[in-house]
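For reference, the structure is listed below as structure tokens.
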Amino acid sequence: MRLRAKITILSILTALCAYIILGTAFLMGGWGLLVRIGLYVAGGAGIVAGAVFFIIKKDALLKTALVLVACVALVFTVIVILNYTARLNDLETDAEKISALTDIIASAGGWSMAVYVLVQILQVVILPLPALVCYVPGVYIWGAGIATLLASAGVLIGALICYFLGRMFGRRVVEWIAGKDNTDKYADYLGKRGKILFVMMQILPFFPDDILCLIAGLTRMNFPFFLATMILVRPAIVATYCYLGSGTIIPFSGWGIPVWIAIALACVVLAVLSFKYEDKIKDFLKRLVSKKRKGETSAEEQDGEGQAEEK
């Protein structure tokens, strides 16, 4: 990426963060301290992340930070507007405000569902948003079952779009979306190891599953196998997020609190370990797939020799 483009991205990112911080100070007075602190942290973290990624020349992360902050700014703007048009500021607690927001969205009926599905499609194709942020709001609006169906539909459509973007427009478009380094690295993995490794990477949490859908379109992976993998894997993952996020499996009170703390700590540890040992994990998977393929090849050779002896 050229220096001028990076400066432009950093400038827009910084302006959006300043907007969130100043808007929180002057327009969110009716909300609780926790919400305002969260917005201040989001704005401040965006500025710091942008500066760091710019300095260390991590172009993909800089673009990701811009997209995330833009999404926060958009949601923030909608809430500010509703503060006055829907008179959210007249409500006393944040819980009442959030409940009113939920009712407003639910009252939109099919339109709100269509927007929810669209968000899922966008988060697969172009918006690097955490899955929890995308799925769980739907749980509180429509319930875990409907949210799972809607989110799964959006995710599947997004995955298909990614596959065909890679298949139809080629490497240049994939590199623009996923970055050259990611494209080179994962195209090499999938090109050599193929289908089994692709399925493993879709299931395990350390891999960028949406980027892998783009790159799958560059490889020889056929569409029926890709579609079958998506249908079997993605809805199961979405359902896990939605039902856990609903609090029906592990409650957000009582005995569930220490369990959630343990899960959060485990996720942090796994994230750190996966980042630190990413290459080793990939090498292990590659060796595992290679051994399986060698075993299958040996079995085929033995069958061939047995048939030859019989003749």
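What you see is a predicted model; the values in this text were computed from it and never measured. Side chains included, hydrogens not; waters and symmetry mates left out as well; all remaining heavy atoms used.
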Tell me whether the count of non-hydrogen atoms from other residues, nucleotides or ligands lying under 6.0 Å of [atom1] in [X] goes above 12.
X	atom1	value
Y241	OH	no
F26	CZ	no
I56	CD1	yes

From [X] [atom1] over to [Y] [atom2], what is the distance, rounded to the nearest 0.5 angstrom?
X	Y	atom1	atom2	result
T148	I237	OG1	CD1	12.5 Å
I104	L88	CD1	CG	5.5 Å
L10	L66	CG	CG	9.5 Å
I215	M201	CD1	CE	9.0 Å
D90	K97	CG	NZ	9.0 Å
R234	L156	CZ	CG	8.0 Å

**OP:** Please tell me if the side chains of M113 and W142 come closer than 4.5 Å, counting only heavy atoms from C-beta onward.
**Re:** yes

Subject >> Step-by-step side chain to side chain contact (heavy atoms under 4.5 Å, CB included) determination, I98 to Y140 >> reply: CA-CA 10 Å; I98 293 172; Y140 288 95; over 6 Å; no

Write down the atom of [X], the atom of [Y], and the distance for their closest heavy-atom approach.
X	Y	result
F225	V199	CZ-CG2, 3.7 Å
M230	A159	SD-CB, 3.6 Å
A25	Y40	CA-OH, 3.2 Å
L16	A73	CD2-CB, 4.1 Å
Y163	A216	CE1-O, 3.9 Å

**OP:** For D103, enumerate each residue passing the salt bridge (Lys or Arg N to Asp or Glu O under 4.0 Å) test, keeping only those at least two apart in sequence or located in another chain.
**Re:** none

Original post:
Residues two or more places apart in sequence or in another chain: which of them pass salt bridge (Lys or Arg N to Asp or Glu O under 4.0 Å) with R171?
Top reply: E175, D184

**OP:** Look at the side-chain heavy atoms of Ile, Leu, Val, Met, Phe, Trp and Tyr, link any pair under 4.5 Å apart, and say whether I250 and V136 land in one connected group.
**Re:** yes

Original post:
Is the shortest side-chain N to carboxylate O distance from R36 to D94 below 4.0 Å?
Top reply: no

Do the side chain of [X] and the main chain of [Y] share a donor and acceptor less than 3.5 angstrom apart?
X	Y	result
Y116	Y135	yes
S112	I105	yes
Q120	S152	no
R87	L82	no

Original post:
Members other than W111 in its cluster, when Ile, Leu, Val, Met, Phe, Trp, Tyr link by side-chain heavy atoms under 4.5 Å?
Top reply: none

**OP:** Indicate the ring-plane relationship of F76 and Y19, choosing parallel, tilted or perpendicular according to the 30° and 60° boundaries.
**Re:** perpendicular

Original post:
V125 and side chain to side chain contact (heavy atoms under 4.5 Å, CB included): which partner among I157, D210, L165?
Top reply: L165

